[in-house]
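In this text, all values refer to a predicted model and were calculated from it rather than measured experimentally. These values consider heavy atoms only, across backbone and side chains, with no hydrogens, waters or symmetry-generated copies.
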Amino acid sequence: MSTGAAENWPGRALGLPETGRRSVARLGRRAAALAIDWALATLLSLAFFSPGDWQTDPFATLGIFAVLQVVFQILFGGGLGHLMLGMRVVPITGGPLGVWRPLVRTLLLCLAIPALIWDKNQRGMHDVAAGTILVRV
């Protein structure tokens with residue numbers, strides 16, 4: 001039996017399908033979701049924390065981004081961008097996402113570097129640490 005690239009896809013080792021529902025969300029969709037979430041955080045930062053002249057406080061923007069991520073993941077299973085683009089954050093072990101997973105995942109996402117290091121299942125280290133994976137719905 002061959003183990004060529006055509007037979008290996010992100011999520012296969014975790015029992016996830018190659019495409020469609022419950023498959024691992026790919027980079028383009030993830031990047032677009034991140035852009036949506038960051039744009040929303042920037043707009044809220046401009047509205048409430050801007051010193052003027054269309055400038056934002058970068059720490060306020062990051063804080064708003066983090067709060068939105070945690071709240072939306074706890075309540076809805078994904079950030080606003082994830083939900084808009086048909087993705088959800090789910091625990092690898094099944095069951096509810098809970099509170100600690102969104103907190104750990106978001107903290108590491110805000111540090112950026114863990115999110116840029118991926119494993120063979122295209123899970124960023126923020127997802128590995130939280131025991132989650134981003135899948136299509």
Quiz item: Would Leu85 and Leu68 show up in the same hydrophobic cluster when neighbours are defined by side-chain heavy atoms closer than 4.5 Å?
Solution: yes
Quiz item: Any side-chain heavy-atom pair from Met87 and Val135 closer than 4.5 angstrom?
Solution: no
Practice problem: Indicate yes or no for a side-chain donor-acceptor contact from Asp37 to the backbone of Gly81 under 3.5 Å, with no hydrogens or angles considered. | Solution: yes
Practice problem: Could you pull out all residues at least two apart from Phe76 that satisfy ring pair (Phe, Tyr, Trp, His ring centres under 6.0 Å)? | Solution: Phe72
Self-check item: Side-chain donor or acceptor of Ser23 paired with backbone N/O of Gly20 under 3.5 Å
Solution: yes
Quiz item: Around atom CH2 of Trp54, are there more than 12 heavy atoms of other residues, nucleotides or ligands at under 6.0 Å?
Solution: no
Quiz item: Mind checking whether Phe49 and Leu44 have side chains closer than 4.5 Å, heavy atoms only?
Solution: no
Exercise. Using a 4.5 Å cut-off on heavy atoms from C-beta on, say whether the side chain of Arg105 contacts that of Val89.
Key: yes
Practice problem: Provide the closest heavy-atom pair for Pro102 versus Ile74 in the form atom of the first, atom of the second, distance. | Solution: CG-CG1, 3.8 Å
Practice problem: Look at the side-chain heavy atoms of Ile, Leu, Val, Met, Phe, Trp and Tyr, link any pair under 4.5 Å apart, and say whether Phe65 and Val67 land in one connected group. | Solution: no
Quiz item: Looking at side-chain heavy atoms only, is the closest gap between Leu16 and Ile133 below 4.5 Å?
Solution: yes
Quiz item: Under 4.5 Å between any side-chain heavy atoms of Ile92 and Leu14, yes or no?
Solution: yes
Quiz item: Does Trp118 belong to the same Ile/Leu/Val/Met/Phe/Trp/Tyr cluster as Leu116, with side-chain heavy atoms less than 4.5 Å apart forming each link?
Solution: no
Quiz item: Hey, what do you get for CE (Met125) to CD1 (Ile117), rounding to the nearest 0.5 Å?
Solution: 7.0 Å
Quiz item: Within the distance-only criterion (no hydrogens, no angle test), does the side chain of Trp100 pair as donor or acceptor with the backbone N or O of Leu97 below 3.5 angstrom?
Solution: no
Quiz prompt | N/O donor-acceptor pair under 3.5 Å between Asp119 side chain and Asn121 backbone | solution = yes
Quiz item: Counting distance only, does the side-chain N/O of Arg88 pair as donor-acceptor with the main-chain N or O of His82 below 3.5 Å?
Solution: no
Exercise. Using atom types as modelled and distance alone, determine if a side-chain donor or acceptor of Ser50 lies under 3.5 Å from a backbone N or O of Gln55.
Key: yes
Quiz item: Heavy atoms, side chains only, cut-off 4.5 Å: are Arg12 and Glu18 in contact?
Solution: no
Self-check item: Under 3.5 Å donor-acceptor, Arg26 side chain and Val24 backbone
Solution: yes
Practice problem: Taking the side chain as every heavy atom from C-beta outward, state whether Pro91 and Arg101 have any atom pair closer than 4.5 Å. | Solution: yes
Quiz item: Does the side chain of Arg136 come within less than 4.5 Å of Arg22's, by heavy atoms?
Solution: no
Quiz item: Is there a donor-acceptor pair closer than 3.5 Å between any side-chain N or O of Trp38 and the backbone N or O of Ala33?
Solution: no
Exercise. Using only heavy-atom distances, determine whether the side chains of Ser45 and Thr56 contain a donor-acceptor pair under 3.5 Å.
Key: no
Quiz item: Would you say Met84 and Leu109 are hydrophobically clustered, going by side-chain heavy atoms of ILVMFWY under 4.5 Å?
Solution: no
